[in-house]
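First the structure, in the form of C-alpha cells, and then the observations on it.
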Amino acid sequence: MVIVAVDDEKPARILLENTLRAVRPEAEIHMFSTPEELLEYVEEYSADIAVLDICMYSDLNGVTLAKRLKEINVKINIIFVTAHERYLKDAMSMHASGYIMKPVTEEDVRKE
C-alpha cells in the first residue's frame, strides 16, 4: 500500500506522518509540503491513498488537488484532513473515502 499525504504546515505534517506510520507501519508513505509536489509524484508513480489537507497556501487546495488526482487514477482513495468543517460539503461531493478533523489521531485514521 502506498500512501501520499500533503500538509503545508510543518507541525501538522509531522503529526500526520507519525500517525500514519503508527497505524499502517507496513505502508510506503510519502509526505509532501505542497500539493504541487504530491501531484508531480503521483503523475510518475502510483498511490493507493491520498491524505490531503484541504486549506493550503497554494493555487491548489485539497479539493482541487483531489479532482486532479482522480483524473490520474480513478481508484485512488481520498481522505481529507482539515481544521474547518465548512469544507465537508465539498469533500463529500468528491465522494471522498474519509474526512478527518485536525488534530489527527490514530483512532480517526483507523476509522477511515
Side-chain angles (χ1 to χ4, degrees):
M1 172 187 313
V2 177
I3 300 172
V4 293
V6 62
D7 197 311
D8 61 343
E9 296 178 359
K10 188 174 183 177
R13 188 171 59 252
I14 291 169
L15 175 61
L16 178 58
E17 180 176 11
N18 291 339
T19 305
L20 290 171
R21 290 192 188 285
V23 173
R24 292 285 180 242
E26 76 287 356
E28 182 181 326
I29 298 172
H30 300 276
M31 300 299 299
F32 301 93
S33 60
T34 70
E36 292 83 5
E37 291 171 339
L38 184 147
L39 187 59
E40 184 178 309
Y41 177 87
V42 172
E43 286 174 341
E44 188 167 339
Y45 305 101
S46 179
D48 302 299
I49 300 171
V51 183
L52 311 176
D53 184 19
I54 291 181
C55 189
M56 294 179 278
Y57 295 103
S58 170
D59 290 338
L60 287 175
N61 65 28
V63 174
T64 305
L65 176 58
K67 289 175 184 175
R68 301 269 303 269
L69 292 173
K70 285 289 193 177
E71 290 170 359
I72 295 168
N73 176 1
V74 296
K75 294 183 179 185
I76 193 167
N77 289 295
I78 305 291
I79 299 173
F80 289 109
V81 177
T82 188
H84 309 285
E85 286 187 20
R86 69 177 179 246
Y87 297 111
L88 181 59
K89 183 179 175 185
D90 288 337
M92 292 301 108
S93 73
M94 288 287 311
H95 304 287
S97 301
Y99 189 88
I100 299 173
M101 293 297 296
K102 289 182 180 180
V104 175
T105 67
E106 288 182 26
E107 181 181 347
D108 290 336
V109 171
R110 277 190 190 92
K111 287 179 185 176
E112 298 305 332

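Contact check for M56 versus D7: no side-chain heavy atoms found under the 4.5 Å cut-off. A heavy-atom distance below 4.5 Å is not found between the side chains of E112 and D108.
Summarising the geometry of F80 relative to A66, their closest heavy-atom pair is CZ-CB, 3.6 Å, with the distance given to 0.1 Å. Between I29 and R21 the shortest heavy-atom distance is O-NH2, 3.4 Å. Contact detail for K70 and V74: the closest heavy-atom pair is NZ-O, 3.2 Å. Between C55 and D8, the shortest heavy-atom distance links the atoms O-OD1, 4.1 Å.
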Give every donor-acceptor pair under 3.5 Å between a side-chain atom in residues 44-52 and any protein atom, sequence neighbours left out.
unit_1 : atom_1 : unit_2 : atom_2 : d
D48    : OD2    : V2     : N      : 2.7

Would you tabulate the side-chain donor-acceptor contacts of residues 35-42 under 3.5 Å, counting partners in other chains and residues two or more places apart, or write 'none'?
unit_1 : atom_1 : unit_2 : atom_2 : d
E36    : OE1    : S58    : OG     : 3.3
E36    : OE2    : S58    : OG     : 2.6
E37    : OE1    : S33    : N      : 3.1
E37    : OE1    : S33    : OG     : 3.2
E37    : OE1    : T34    : N      : 3.4
Y41    : OH     : H30    : NE2    : 3.0

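Distance CD1/I3 to CD/E28: 10.0 Å, rounded to 0.5 Å. Here the straight-line distance linking atom CD1 of I54 with atom CG of L65 works out to 11.0 Å at 0.5 Å rounding. Within the model, atoms OG1 of T19 and CD1 of I14 stand 11.5 Å from one another, a figure rounded to the nearest 0.5 Å.
Residues passing the salt bridge (Lys or Arg N to Asp or Glu O under 4.0 Å) test with R24: none are found, sequence neighbours excluded.
At a threshold of 4.0 Å, the pair R13-D53 does not count as salt-bridged, since none of the basic side-chain nitrogens sits closer than that to a carboxylate oxygen. Ionic pairing of E106 and R110 is present here: one or more N-O contacts between side-chain nitrogen and carboxylate oxygen are shorter than 4.0 angstrom. Taking a cutoff of 4.0 Å between a charged side-chain nitrogen and a carboxylate oxygen, K67 and E71 do not qualify as a salt bridge.
L69 and V6 fall within the same hydrophobic cluster, defined by Ile, Leu, Val, Met, Phe, Trp and Tyr side-chain heavy atoms under 4.5 Å apart, directly or through other members. I72 and I79 fall into different hydrophobic clusters, where Ile, Leu, Val, Met, Phe, Trp and Tyr side chains are chained together by heavy-atom contacts under 4.5 Å. Hydrophobic clustering (side-chain heavy atoms under 4.5 Å, transitive across Ile, Leu, Val, Met, Phe, Trp, Tyr) keeps V23 apart from I78. Y99 and L20 sit in two unconnected hydrophobic clusters of ILVMFWY residues. Membership requires side-chain heavy atoms under 4.5 Å apart, directly or through other members.
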With side-chain contact (heavy atoms from CB on, under 4.5 Å) as the test, would you mind laying out the steps for K111 and I100 before giving the verdict? CA-CA 9 Å; K111 287 179 185 176; I100 299 173; over 6 Å; no

